[in-house]
Amino acid sequence: MGLSRRDLLKLSGAAAAAIGAAGCSQMGLGPDEEEMTNVGSVGVGTEAALPKTGAPRVVVVGGGWSGLTVAKYVKKYAPNADVVLVEQRGEFMSCPVSNLWLVEAVELDFLIHDYLQAARENNYTFFNATVVGVDKAKRTVMTSDGDLTYDYLVLAPGIDYDYSGWTKDPALERRLRTEYPAGFKPGSEHLTLRNKVLDFEEGNFILTVPGGNYRCLPAPYERACLIADYFKKEGIEGKVVLIDENDDITIKAEGFHSAFEKLYKDYIEYHPGTKIATFDLDKKEVMTDYDDVIAFEDAAFYPHVRGGKILEVAGVAKDSIFNKMEADINVLTYEVNGHPEIYCGGDVRPMGFSKSGNTANTEGVYIAKRIAAKINGEEETPWESPLTICYSAVASDPVLAISINAGYAYDAKAKRFTFANVYTNETWDGRVGINNGRGLMEWAKGMYRDMFNA
Ligand SMILES: Cc1cc2nc3c(=O)[nH]c(=O)nc-3n(C[C@H](O)[C@H](O)[C@H](O)COP(=O)(O)OP(=O)(O)OC[C@H]3O[C@@H](n4cnc5c(N)ncnc54)[C@H](O)[C@@H]3O)c2cc1C
């Protein structure tokens, strides 16, 4: 099952929207490049063409799992607020469940959702533009389509990649980004990776697991299982070589180890506690810090992550104990230190919570409650724990999955968070009688409903 014409139209629609947001001048397109250059810069420094309501305005930057939730629930708890969601993409594409799409086990339709529907059903404004700066003194966000003033600002831009642990050479970094993208940001990277998997003929397919608190701890192991599952099913003489900086599988270890062992013994080669020391992309070889040389036919190299670049541009980023340039916030209120009118949520948070969609969603409801309380002149909600519910598929036909369900507790004396009420189900073979595969799909549908429906 290749990409249908409908799928291609959808993806080209998303690309067209991205081009619009980026400004045509940057793309070097069109008949009159000079004129296009001016067109591309028209937005910055002018007022965005949005109606003024006079109501307190909440600008939410980033229409991912965090931003969509905050926008919906601020409007729900403070109906008089003027909520504007600014997102650079034209359509939403889900990272959760995307590993199943990589191996043709779900349709693209399942992952793609309509921002205008979310805005329409939840009564806020969707503004399709890229945020390029924040003037905190003037409470203004600068976008590719004009400036927006705010009373409250929420920055939820998700992750960017940090290749500095592998290389300082821009040419190598560019090649890694374009030829072997990580596939941990939605859109083009996923499409590249899918084509790599579907076109694979034989040999080693390298995947890596970074250190730090990277986006979605189980996803690289889930991806390894599903690609191995695909090779096995299609009779491809391929092997997933999984190079993991961590000393062991970072989450749901029992379930993944048993899947590696029982389902994919000949298809997954796991290298824990191993870093890539050097890349030779021309020879298609990596050398590990144990001096082992591993040849590969294809790969997706997942580097460390950092907070989305716009945090740094806005001057609200600092290094956390896990990653570079994450949000400089009060970890209980999500307010930027020194700027209580600015909030950061989702995968940019510096706390050690799981960087996952369910976490971003439940946390987003809490952030929304706090902003709404300020708008309504009410007492602010005390800290509420986000909830991490995360399913991982280990096989695709039928979908077999393992799961974790966890909250967090705050130790005020030690000033740190710990996991609380953790429940895992790591028996993918159905021994406990729960169909986790169906649970995965139902969880995803429920999340999309929450973000896109009233
Ligand atoms: C392969 C994979 C599998 C996963 N599986 C699961 C799973 O099973 N369960 C789970 O709970 N989580 C899963 N996750 C994790 C989940 O996708 C993330 O934790 C979640 O997307 C984080 O939400 P966010 O809002 O912080 O960031 P995102 O969802 O990435 O949203 C950020 C948004 O901000 C926009 N943006 C960034 N900068 C700007 C700017 N300057 N101007 C305008 N817009 C901007 C981006 O375009 C993006 O849409 C998975 C992730 C991956 C990659």
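Computed from a predicted model, the values in this text were never measured in an experiment. All ligand and atom numbering here is 1-based and tracks the order in the structure.
Contacts of Ser98 with ligand 1, taken as heavy-atom pairs under 4.0 Å, involve the side chain alone. Residue Lys309 does not touch ligand 1, judged by heavy-atom distances below 4.0 Å. In Lys355, the part holding a heavy atom less than 4.0 Å from any atom of ligand 1 is the backbone. Contacts of Ala219 with ligand 1, taken as heavy-atom pairs under 4.0 Å, involve the side chain alone. With a heavy-atom cut-off of 4.0 Å, Cys216 touches ligand 1 through its side chain alone. Contacts of Ala129 with ligand 1, taken as heavy-atom pairs under 4.0 Å, involve the backbone alone. If you look at Glu222 next to ligand 1, there are no close heavy atoms at all, none under 4.0 Å.
Ion pairing between Lys374 and Asp151 fails under the 4.0 Å rule for side-chain N and carboxylate O. A salt bridge is defined here as a Lys NZ or Arg NE, NH1 or NH2 lying under 4.0 Å from an Asp or Glu carboxylate O, and Asp82 with Arg57 meets this definition. Between Asp160 and Lys309 no salt bridge is recorded (no basic side-chain N to carboxylate O distance below 4.0 Å).
The N/O atoms of Val97, backbone and side chain alike, include none that comes under 3.5 Å of an N/O atom in ligand 1. In terms of polar-atom proximity, Asn358 is counted as a contact of ligand 1, with an N or O under 3.5 Å from an N or O of the ligand. Between Val131 and ligand 1, a contact under 3.5 Å exists for at least one N or O pair. Polar contact check, Arg223 against ligand 1: no nitrogen or oxygen pair lies under 3.5 Å apart. For ligand 1, none of its N or O atoms has an N or O atom of Trp443 under 3.5 Å away. Checked against a 3.5 angstrom limit, the closest N/O atoms of His190 and ligand 1 fall outside it.
Judged by distance alone, the side chains of Asp162 and Asn323 never bring a donor and an acceptor atom under 3.5 Å apart. In this model, a donor atom of one side chain and an acceptor atom of the other lie less than 3.5 Å apart for Tyr448 and Ser94. Under the 3.5 Å distance criterion, with hydrogens and angles disregarded, no donor-acceptor pair is assigned to the side chains of Ser403 and Asn425. Inspection of the Ser385 and Tyr366 side chains reveals no N or O donor paired with an N or O acceptor under 3.5 Å. In this model, no donor atom of one side chain and acceptor atom of the other lie less than 3.5 Å apart for Asn436 and Tyr391.
Taking each of Gly64, Pro96, Gly357 in turn, the one with a heavy atom nearest to atom 6 (C) of ligand 1 proves to be Pro96. Counting only non-hydrogen atoms, the option in Leu217, Asp347, Leu155 that gets closest to atom 26 (O) of ligand 1 is Asp347.
The protein heavy-atom contact nearest to atom 34 (O) of ligand 1 is Gly62 CA, 3.2 Å. Of the protein's non-hydrogen atoms, Cys95 O, 3.7 Å is the one closest to atom 2 (C) of ligand 1. Looking only at protein heavy atoms, the nearest one to atom 28 (P) of ligand 1 is Arg215 NH2, 3.5 Å. Atom 21 (O) of ligand 1 has its closest protein heavy atom at Trp65 CD1, 3.2 Å. Atom 47 (O) of ligand 1 has Glu87 OE2, 2.7 Å as its closest protein atom, hydrogens excluded (heavy atom only). In this structure, atom 39 (C) of ligand 1 lies nearest to the protein heavy atom Gln88 OE1, 3.5 Å. Looking at atom 8 (O) of ligand 1, its nearest protein heavy atom turns out to be Tyr391 O, 3.4 Å.
Results of the side-chain hydrogen bond (donor to acceptor under 3.5 Å, both in side chains) test with Tyr334 over Arg349, Glu363, Arg370 single out Glu363 as the only residue that passes. Residue Tyr408 is tested with Thr388, Asn421, Thr418 for a side-chain hydrogen bond (donor to acceptor under 3.5 Å, both in side chains); the sole match is Thr388. Shown are Tyr264, Phe200, Tyr267; of these, the ring pair (Phe, Tyr, Trp, His ring centres under 6.0 Å) with Phe231 is made only by Phe200.
Shown in contact with Pro157 at under 4.0 Å from a heavy atom are these atoms of ligand 1, numbered in order with element: 32 (C), 34 (O), 37 (C), 38 (N).
Under a 4.0 Å heavy-atom criterion, Cys390 is in contact with ligand 1.
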Determine, stepwise, if the pair Lys445 / Phe110 fulfils side-chain contact (heavy atoms from CB on, under 4.5 Å).
CA-CA 9 Å; Lys445 285 184 204 162; Phe110 193 78; 3.9 Å; yes
Worked check of side-chain contact (heavy atoms from CB on, under 4.5 Å) between Tyr230 and Leu102:
CA-CA 10 Å; Tyr230 183 78; Leu102 290 182; over 6 Å; no
